[in-house]
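Here is the structure we will look at, set down as structure tokens.
The sequence lines fix the lettering, A, B, ..., with proteins before strands; numbering per chain opens at 1. No hydrogens, no waters, no symmetry mates; every other heavy atom, side chains included, goes into these values. For clarity, every value in this text was computed on a predicted model and none was experimentally measured.
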Amino acid sequence: MPPSRRRPIPTPPTGGRPKVAGLHRRASDAAAAPEVVEEEQEELKAPTAVEWTPPATKESTEEFAEKKARFAADAEKTESEAPSALAGQPGWMLPAALLLVAVLLGGLGTFFLVKSRAVSYDAALVDAAATSAVNGQVREAVEKSFSYNFADVESTEKAARELLTGKALCQYNAVFGPVKEVAPQQKLVVTVRVVSSAVSSLKGDHATVLVFADQVTTRTTDNQSGGGTAMLRVSAVDTGGRWKIDNMEMFGATAEQTQQLQTC
Amino acid sequence: MRIFTVVAVVLAVLTFGYAAYFGVAWYSASHSSESQFAATRDDALRSGQVGIANFLTLDYKKVDEDLQRWLNSSTGELRAEIDKDKDSRKKQLVDAKSVTTSKVLDSAITELDDRAGSASMIAVVESTVTPADGKQVTKINRYLTKLTRTEDGWKLSQLGPLRAGV
């Protein structure tokens with residue numbers, strides 16, 4: 001190691017003997033040179049440490065004597081370690097240790113990779129645009145398919161076919177079937193209005209929306225009207241840009257309604 | 001032997017880069033503003049659910065405890081309201097001699113303003129009222145509540161049923 005070899009060079013001048021310092025440098029360089037050729041570069045440290053110490057003794061001032069003693073001790077240490085290191089730790093130790101480190105880092109990296117992929121959150125409200133799209137389309141679907149005018153049956157059925165899908169279609173028929181039967185005779189007008197709704201979950205192309213709706217039913221034959229409230233948990237699925245309802249759960253449904261829904 | 005050392009060094013450096021890259025990716029994914037906003041939403045939702053259940057649960061035998069719990073889970077307008085007519089409310093509850101327990105069946109945040117620390121929530125609540133000398137009745141109601149963030153987390157600042165025709 002060059003620094004350790006150079007360190008003693010400035011010290012002799014403080015001792016007031018530049019000539020000796022010059023000598024000493026040449027001597028140590030000359031002595032070290034053959035060693036370098038034989039040994040590997042890493043082992044350079046040991047021989048140089050040994051080489052420069054004896055010359056230092058010649059010019060020893062009081063301070064230098066102390067230093068010398070310390071360096072000599074160090075040199076002895078490295079001297080005793082170096083050969084055993086060579087014998088006990090063959091050249092494969094370093095690559096093996098590095099390989100182990102590489103394997104550990106590879107494992108750690110893979111762990112991080114899996115973890116970073118697994119980070120997921122529910123996009124409800126986070127993705128404002130998608131949330132309001134789901135919310136608006138589900139509201140519209142509920143209002144359109146559950147509002148009913150005996151004079152215009154076709155538009156309700158069309159809305160239901162377009163805005164509901166899968167299981168929800170069956171549920172719709174189960175709930176709305178009985179209404180449709182009596183509707184023409186009683187000249188029913190059913191108006192459903194969503195009072196409040198919120199997206200409770202939004203993951204990819206699946207969403208869950210909590211819908212609070214009011215229902216006003218008017219029997220135009222005798223102008224009797226009644227109202228009710230409904231609370232629905234609606235599942236919606238994105239079908240190419242349009243969110244369609246694919247499942248409905250009603251809170252506080254009557255036993256009769258629950259029975260009708262169970263057939264689906 | 002030297003070639004192995006070189007290969008091992010290259011491998012170690014590459015795997016270090018790999019680990020560092022995905023370490024950073026994981027950190028930034030889990031600390032993104034989106035996931036923090038989602039965490040805030042979930043926090044508000046949870047507090048709202050607990051708050052509503054607290055407010056709709058009462059026992060005429062331990063009215064003081066109930067009122068204190070109401071005060072603890074409310075803030076602002078709602079808290080002031082309860083605090084103002086605490087005594088008349090207390091008398092009312094004791095005279096009613098009924099026990100009400102409630103649980104939130106489903107709820108969702110309708111609006112969330114992270115910066116202002118305010119949120120709105122709707123909830124479906126099942127309440128069971130047991131009069132001292134009568135048959136217990138179970139009802140399902142819908143509620144709208146406003147939440148405000150305080151130093152002790154989210155608290156209810158408004159609570160009311162959403163009746164038909166609202």
Looking only at Leu112(B), Leu14(B), Thr15(B), Val7(B), most heavy-atom pairs under 4.5 Å shared with chain A are made by Thr15(B)
| said: Would you say that more than 12 heavy atoms from the other residues, nucleotides or ligands in this model lie under 6.0 Å from the CZ of Arg242(A), or not? | reply: yes
Most heavy-atom pairs under 4.5 Å with chain A, out of Ser28(B), Ala39(B), Ala38(B), belong to Ala38(B)
Honestly, the part of Asp114(B) sitting under 4.5 Å from a heavy atom of chain A is neither
Legend entry - Leu11(B) and Leu99(A), any side-chain heavy atoms less than 4.5 Å apart: yes
Value for CD1 (Ile140(B)) from CE (Met250(A)), rounded to nearest 0.5 Å, stands at 11.5 Å
Okay, Ala20(B) and chain A: the region with an atom under 4.5 Å from a heavy atom over there is neither
Output for pair (Leu125(A) CG, Leu45(B) CG), nearest 0.5 Å, gives 9.5 Å
> Do Arg41(B) and Asp122(A) have side-chain heavy atoms sitting under 4.5 Å apart?
Replying inline: yes
So, the part of Ala124(A) with a heavy atom under 4.5 Å from chain B: the answer is both
Scored by heavy-atom pairs under 4.5 Å with chain B, the best of Gly109(A), Gly252(A), Gly107(A) is Gly109(A)
For residues 197-212 of chain A against chain B, heavy atoms under 4.5 Å, the residues are Ser197(A), Ala198(A), Val199(A), Ser200(A), Leu210(A), Phe212(A)
message: Using a 6.0 Å cut-off, check whether atom CZ of Phe16(B) has over 12 heavy atoms from anything other than its own residue.
response: no
Max heavy-atom pairs within cutoff under 4.5 Å with chain A, candidates Thr138(B), Asn141(B), Ile122(B), goes to Ile122(B)
Check: Val195(A) and Arg142(B) side chains under 4.5 Å, non-hydrogen atoms: yes
Contacts of Lys91(B) meeting side chain to side chain contact (heavy atoms under 4.5 Å, CB included) (sequence neighbours excluded), chain-then-number -> Asp95(B)
Should Phe112(A) and Tyr21(B) count as side-chain neighbours, where that means a heavy-atom distance under 4.5 Å? no
Residues pairing under side chain to side chain donor-acceptor pair (under 3.5 Å) where one sits in residues 49-70 of chain B, two or more places apart or in two chains, turn out to be Gln49(B)-Ser107(B), Asp64(B)-Lys90(B), Asp66(B)-Arg69(B), Gln68(B)-Asn72(B)
Of all heavy-atom pairs linking Pro95(A) and Ala8(B), the shortest is O-CB, 3.5 Å
Rounding to 0.5 Å, atoms CG (Leu162(B)) and CE (Met231(A)) come to a distance of 10.0 Å
- Task: Would you please say whether a donor-acceptor pair under 3.5 Å links the side chains of Thr110(A) and Tyr18(B)?
- Result: yes
So, the part of Ala123(A) with a heavy atom under 4.5 Å from chain B: the answer is backbone
Side chain to side chain donor-acceptor pair (under 3.5 Å) filter on Lys155(B), not counting sequence neighbours, yields none
Honestly, the part of Ala230(A) sitting under 4.5 Å from a heavy atom of chain B is backbone
